[in-house]
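Each chain gets a letter, A, B and so on, in the order the sequences are listed, and its residues count up from 1.
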Amino acid sequence: MPPRLKLFLPLILFLVLAAFLYRGLSLDPMAMPSALIDRPLPEFRLTELADNRPLERDDVIGEPALFNVWATWCISCRVEHPYLQQLADSGVPIYGINYKDEDEAARRWLQDLGNPYRANIVDREGTLGVDLGVYGAPETYLVDADGIIRYRHVGVIDERVWRDTLEPLWREIAALESTP
Amino acid sequence: MKLIRLCGLALFTLLLALPATAVIETYEFSDRELELRYRELSQELRCPKCQNQNIADSNAPISQDLRRLLHQQLEAGATDAEILNFMVARYGEFVRYRPSFNGVAVLLWLAPILLLLIGVASVLLMMRGRRQQSTALDPAEQQELSALLATTEKDD
């Protein structure tokens with residue numbers, strides 16, 4: 001290597017390092033991709049919140065839907081509740097997974113705040129939660145008509161999240177649905 | 001009277017110790033070996049919620065659940081590999097503090113060795129370069145030197 005070029009080595013090293021560090025600034029260290037993307041929604045045998053009827057996987061798949069993990073002890077769930085109601089009113093099917101909660105408190109919550117859910121799966125022990133890779137609430141899974149998980153959003157769903165990330169995916173899945 | 005006060009004090013200090021025992025639950029194991037594996041695995045599995053803690057140290061609800069599952073699976077006779085696969089299938093490679101030797105993680109495992117090799121190679125190269133720069137003068141240089149010395153002597 002000519003000695004002239006050797007002088008530029010520190011500069012080149014600095015630029016490479018700077019590029020990596022700059023990229024790191026905009027990465028979210030808490031971001032954790034779901035291990036279940038493009039995998040089927042796990043099997044489960046649980047009950048429905050309102051009437052305690054048995055509920056399993058086949059009862060809740062068949063059309064694209066959102067699966068929202070919520071609980072009355074989860075404060076952020078209260079924040080996203082009105083927006084979920086709005087989404088449900090606009091025709092998006094939403095199933096609830098009532099995660100490690102008390103049935104009575106959960107029923108009261110739906111009575112007081114409104115019920116955006118098609119049905120609520122009672123996951124009192126968090127077993128479905130573990131199968132889904134849930135580690136907190138709220139989390140929302142976008143599941144297509146074949147019961148395949150297409151996306152997971154951790155945290156509150158608001159208008160921005162829906163518009164920027166969920167709605168485009170939702171439209172894509174719905175479009176696949178109409179063209180067999 | 002003094003005895004009663006002493007007993008009261010002892011009871012009080014015992015009460016102070018209660019919260020310490022309430023933080024993390026204990027599990028009974030049918031076999032001493034299972035308990036050792038439990039300890040090892042719970043230290044190797046990472047809490048998905050409170051990143052940078054393993055599930056043995058974390059008191060997040062999800063860590064409690066994972067510890068319970070770990071205990072159940074150990075008692076049911078699952079192997080370490082089966083348990084780790086179970087966790088990775090749900091929470092991704094992320095849950096392992098010791099990632100498996102495949103995919104992108106290979107780069108992670110090999111990077112230290114690679115860097116060491118690069119270091120050794122560059123040191124060797126530098127040493128060879130230095131040895132080539134011998135201090136002895138070739139005939140042309142010797143002649144130039146004598147000429148220079150001759151001129152300075154003349155100036156004196």
Quick check: is [Y] connected to [X] through a chain of hydrophobic side chains (ILVMFWY, heavy atoms under 4.5 Å apart)?
{"X": "A:Val143", "Y": "A:Val130", "result": "yes"}
{"X": "A:Leu166", "Y": "A:Ile37", "result": "no"}
{"X": "A:Ile94", "Y": "A:Ile97", "result": "no"}
{"X": "A:Leu110", "Y": "A:Val92", "result": "yes"}

Is the number of heavy atoms from other residues, nucleotides or ligands within 6.0 Å of [atom1] ([X]) greater than 12?
{"X": "A:Leu15", "atom1": "CG", "result": "yes"}
{"X": "B:Glu141", "atom1": "CD", "result": "yes"}
{"X": "B:Leu107", "atom1": "CG", "result": "no"}

Taking only distance into account, so ignoring hydrogens and angles, what donor-acceptor contacts under 3.5 Å exist between chain B and chain A?
{"residue": "B:Gln51", "atom": "NE2", "partner": "A:Met30", "partner atom": "O", "Å": "3.4"}
{"residue": "B:Asp65", "atom": "OD1", "partner": "A:Lys100", "partner atom": "NZ", "Å": "2.7"}
{"residue": "B:Asp65", "atom": "OD2", "partner": "A:Lys100", "partner atom": "NZ", "Å": "2.6"}
{"residue": "B:Arg68", "atom": "NH2", "partner": "A:Glu125", "partner atom": "O", "Å": "3.4"}
{"residue": "B:Arg90", "atom": "NE", "partner": "A:Asp131", "partner atom": "OD1", "Å": "2.9"}
{"residue": "B:Arg90", "atom": "NH2", "partner": "A:Asp131", "partner atom": "OD1", "Å": "3.0"}
{"residue": "B:Tyr91", "atom": "OH", "partner": "A:Val134", "partner atom": "O", "Å": "2.7"}

| Which heavy atom in A:Ala35 sits nearest to a heavy atom in B:Val88, and how many Å separate them? | CB-O, 3.8 Å
| request: Identify the two heavy atoms, one from B:Ile62 and one from A:Val134, that lie closest to each other, and give their separation to 0.1 Å. | output: CD1-O, 3.3 Å
